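Structure first, then comments.
FYI, the numbering just counts along the sequence from 1. Every value quoted in this text rests on a predicted model; they were computed, and no experiment measured them.
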Amino acid sequence: MISRKELIMKKYNFLKYVFVVFVIALIIYAIYLNKKGNDKETVEETTQSKEDNNLTNITTLRVSAINLDTINPIISNNQNVQDISKLIYEPMLSVTEDYQIENCLAKEWINLSDTAYVVVLKEGVRWHKGGQVTANDVKFTIEQIKALGTNSIYYSNVEHIINVETLSTYTVKITIDNKIPFFEYNLTFPIMSSLYYENEPIATSSKNNNASGTGKYIIGNITPTEIELKKNDNWWGLSEGKSLSLETILVKLYTSAGEAYNAFKLGNLDLMTTQSLNYEDYIGTMGYHIAEYIGREYDYLALNCSSTILKNAELRRAINYAIDKSNIVTSVYENKYYVADFPVSTSNYLYKVEKVSSSYNTNKSKELLENGGWELVSGIWQKQVEGSTIKARINLVVDSGNAKRVAVAEEIEKQLAETGIIVNIIRANSTQYAKYLENKNYDMILTGKVIGISPDLTSYIGNGNLSQFEDTEVSELLREIADLSDNASELQNKYKQLIRLIEEERPYISLYFNRGTVIYTQDLKGKVTPNFYNIFYNIEEWVRQY
């Protein structure tokens with residue numbers, strides 16, 4: 001007779017065997033599923049590979065130009081022309097995606113002194129229509145831009161040049177009238193062929209629509225509706241290991257942005273640029289890609305550091321924390337502008353940040369004022385200074401003709417009022433506004449600037465700045481930075497120090513940048529990484545596939 005203990009053990013062993021069999025079955029099933037999954041992935045990869053192999057490569061790219069004036073960048077005021085011309089004409093020095101200077105037609109550049117530069121050109125670079133690029137072409141181009149004056153967008157690049165001397169066939173010496181921080185950024189204007197123009201004035205030439213360049217693409221057939229750009233098989237970059245996938249670029253000419261949007265929507269364009277806030281109203285929201293970038297339009301508040309009320313640094317800093325820039329961008333610019341905290345693009349190698357802080361912190365604003373001896377009385381901050389009471393009442397000047405800035409001023413007025421800082425908006429007409437800027441007789445003024453590619457900050461914190469800000473340490477840093485233009489690592493360190501000082505003193509408050517957008521079709525393959533200097537970075541690798 002089997003004992004109760006033996007029965008329990010047999011039952012236990014049976015359950016153990018069942019469990020082991022169950023586990024083995026699970027392992028076998030898991031192996032089966034994994035193999036099936038791998039087989040499926042292999043099939044999918046093979047299918048994808050076959051699909052990729054079956055894709056058709058199209059080596060023609062169609063881009064838009066609206067209201068074309070001339071394809072010559074020296075005399076054109078059309079932004080599309082300035083973008084497209086970088087494929088045809090080239091400068092001595094160019095700018096990378098993160099705004100560093102790099103050689104283009106130049107082999108090297110040398111800063112001889114505060115006011116003298118020498119540029120040595122690459123040898124053997126050929127013009128589209130024959131002949132080599134020489135120092136004479138540089139001299140000719142500078143003289144032509146200076147002769148055009150403000151009729152050329154590149155006049156500011158050369159206006160301080162007082163002499164151009166050709167030292168040899170490929171070497172030119174450029175003398176300027178005073179020390180200019182980062183002057184090398186001015187040498188980014190396109191070089192034109194003196195041989196092609198036979199030294200005749202560009203301003204009156206009949207050759208401007210087909211001028212010889214040195215770039216990746218050559219102007220081909222021109223019609224009233226299209227300009228054909230053909231691959232330059234003699235482009236100097238090919239000998240340096242670069243390549244060009246696109247054989248042809250067709251510049252489609254339109255008389256309005258609406259016409260271009262419609263062409264894109266109908267599939268007659270592959271790429272276009274816009275700074276419009278409402279392009280989605282025309283082309284919808286699906287079926288294409290976008291690449292956005294920080295534009296050149298920058299707005300800020302200049303705080304008058306010499307005014308009775310704003311000479312207090314803690315109040316300037318408190319104002320900065322009390323302004324909700326994100327709310328302004330959302331309410332006034334439909335969330336289609338970029339919040340700014342510095343007058344330099346966040347993609348700049350000297351100021352790379354993943355996300356800009358809006359600095360909005362009302363608790364911090366309150367803390368700064370309290371620590372500075374301010375008291376909130378009847379909803380207004382006030383402070384005793386040498387036996388007198390000063391109250392946080394501030395005049396803010398704005399151009400009444402700029403509706404968007406007026407709306408921004410009104411939003412700032414409301415936000416500061418909520419924290420106990422009272423703003424009186426002065427809506428000045430254009431003449432009055434210009435006088436305010438000239439005389440600097442304001443507490444705060446809402447203004448803006450079209451920023452350049454140079455990272456120079458002199459206009460904001462150097463001599464004659466709108467904030468009437470003076471600081472010995474800042475001035476010394478600016479001088480050191482001006483002498484370090486060829487030392488990227490040290491420049492980055494100096495900029496960090498400068499940013500820290502600006503944050504401590506807050507002579508101005510950055511508000512926002514406008515936004516540029518490159519819109520392109522889904523069949524355009526390759527990296528599209530524009531900035532406001534160039535939208536065609538990496539075009540060597542672009543190709544259309546479907």
Is there side-chain contact between [X] and [Y], with at least one heavy-atom pair below 4.5 Å?
X	Y	value
E165	T175	no
Y360	K325	no
Y495	P455	yes
H160	N186	no
Y512	E297	no
Y117	N111	yes
D341	S359	yes
N465	Y508	no

Check whether [X] reaches the backbone of [Y] with its side chain - one donor and one acceptor, N or O, closer than 3.5 Å.
X	Y	value
N312	E314	no
S245	E540	yes
Q144	I202	yes
S467	F469	no
T274	T517	no
N534	V95	no
K527	N538	no
T141	D137	yes
H128	G215	yes
K179	D114	no

- [ ] Among K311, R316, R500, R317, find the residue that satisfies the salt bridge (charged side-chain N to carboxylate O under 4.0 Å, His left out) test when tested with E505.
- [x]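 Going through the options one by one, the only one that passes is R316.
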- [ ] Determine the sole option in K252, K525, R62 for which the salt bridge (charged side-chain N to carboxylate O under 4.0 Å, His left out) test with D270 is passed.
- [x]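 When K252, K525, R62 are each tested with D270, the salt bridge (charged side-chain N to carboxylate O under 4.0 Å, His left out) holds only for R62.
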Which heavy-atom pair separates [X] from [Y] by the least distance, and what is that distance?
X	Y	result
C104	P91	CB-O, 3.2 Å
G295	F513	O-CD2, 3.8 Å
Q468	S306	NE2-OG, 3.3 Å
Y185	Q100	OH-CA, 3.9 Å
R515	K336	CB-O, 3.3 Å
N78	I66	ND2-O, 2.6 Å

Measure the acute angle between the ring planes of [X] and [Y], then classify it against the limits of 30° and 60° as parallel, tilted or perpendicular.
X	Y	answer
F342	Y351	tilted
Y333	Y337	parallel
H289	Y520	tilted
Y460	Y300	perpendicular
Y288	F264	perpendicular

Open item on the list: With a 6.0 Å cut-off on the ring centroids, do Y442 and Y436 count as close?
Closed with: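 No, they do not, as the ring centres are separated by 6.0 Å or more.
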- [ ] Give the C-alpha distance, both sets of side-chain angles, the deciding distance and a yes or no for side-chain contact (heavy atoms from CB on, under 4.5 Å) between T188 and I453.
- [x] CA-CA 10 Å; T188 54; I453 54 175; 3.5 Å; yes
Open item on the list: Using the rule side chain to side chain contact (heavy atoms under 4.5 Å, CB included), only one of N209, I88, V251 pairs with I219; which is it?
Closed with: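 Option passing the side chain to side chain contact (heavy atoms under 4.5 Å, CB included) with I219: I88.
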Donor-acceptor pair between [X] and [Y] side chains, under 3.5 angstrom:
X	Y	answer
N72	T70	no
N493	Q497	no
N57	Q545	yes

Pairwise distance [atom1]([X]) to [atom2]([Y]) - rounded to 0.5 angstrom:
X	Y	atom1	atom2	answer
L195	Q132	CG	CD	11.0 Å
I71	I84	CD1	CD1	5.5 Å
S76	N208	OG	CG	10.5 Å
Y338	T346	OH	OG1	8.0 Å
S85	E90	OG	CD	11.0 Å
I481	L498	CD1	CG	4.5 Å

With a cut-off of 6.0 Å (strictly less than), are more than 12 heavy atoms of other residues, nucleotides or ligands near [atom1] of [X]?
X	atom1	result
N178	CG	yes
K173	NZ	no
E470	CD	no

- [ ] Test I451 against V344 for side-chain contact (heavy atoms from CB on, under 4.5 Å), laying out the working first.
- [x] CA-CA 8 Å; I451 64 171; V344 174; over 6 Å; no
Open item on the list: side-chain hydrogen bond (donor to acceptor under 3.5 Å, both in side chains), that's the test. Do S193 and K129 meet it? Break it down for me.
Closed with: CA-CA 9 Å; S193 170; K129 299 182 185 297; over 6 Å; no
Task: Salt-bridge contact K435-D399 (side-chain N to carboxylate O under 4.0 Å) - done: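 Not counted as a salt bridge, because no side-chain N and carboxylate O are separated by less than 4.0 Å.
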TODO: Taking only Lys NZ, Arg NE, NH1 and NH2, and the carboxylate oxygens of Asp or Glu, determine whether E143 and K146 approach each other closer than 4.0 Å.
DONE: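 A salt bridge is absent here (no side-chain N lies under 4.0 Å from a carboxylate O).
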Open item on the list: The test is side-chain contact (heavy atoms from CB on, under 4.5 Å); show your working for L187 and N157 and say whether it passes.
Closed with: CA-CA 7 Å; L187 303 179; N157 293 58; over 6 Å; no
Open item on the list: Within 45 degrees of the ring normal and closer than 6.0 Å to the centroid, is that where the cationic atom of K207 sits relative to Y196?
Closed with: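 Pair K207/Y196 counts as cation-pi.
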- [ ] May I have the step-by-step check of side-chain hydrogen bond (donor to acceptor under 3.5 Å, both in side chains) for Y293 and E97, ending in yes or no?
- [x] CA-CA 11 Å; Y293 58 94; E97 294 173 51; over 6 Å; no
Open item on the list: For M192 and Y197: C-alpha separation, side-chain torsions, deciding distance, then whether side-chain contact (heavy atoms from CB on, under 4.5 Å) applies.
Closed with: CA-CA 9 Å; M192 310 304 288; Y197 280 100; 4.2 Å; yes
- [ ] Hey, could you give me each pair passing ring pair (Phe, Tyr, Trp, His ring centres under 6.0 Å) that has a residue in residues 95-115? Not counting sequence neighbours.
- [x]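 Ring pair (Phe, Tyr, Trp, His ring centres under 6.0 Å) check on residues 95-115 returns Y99-F532.
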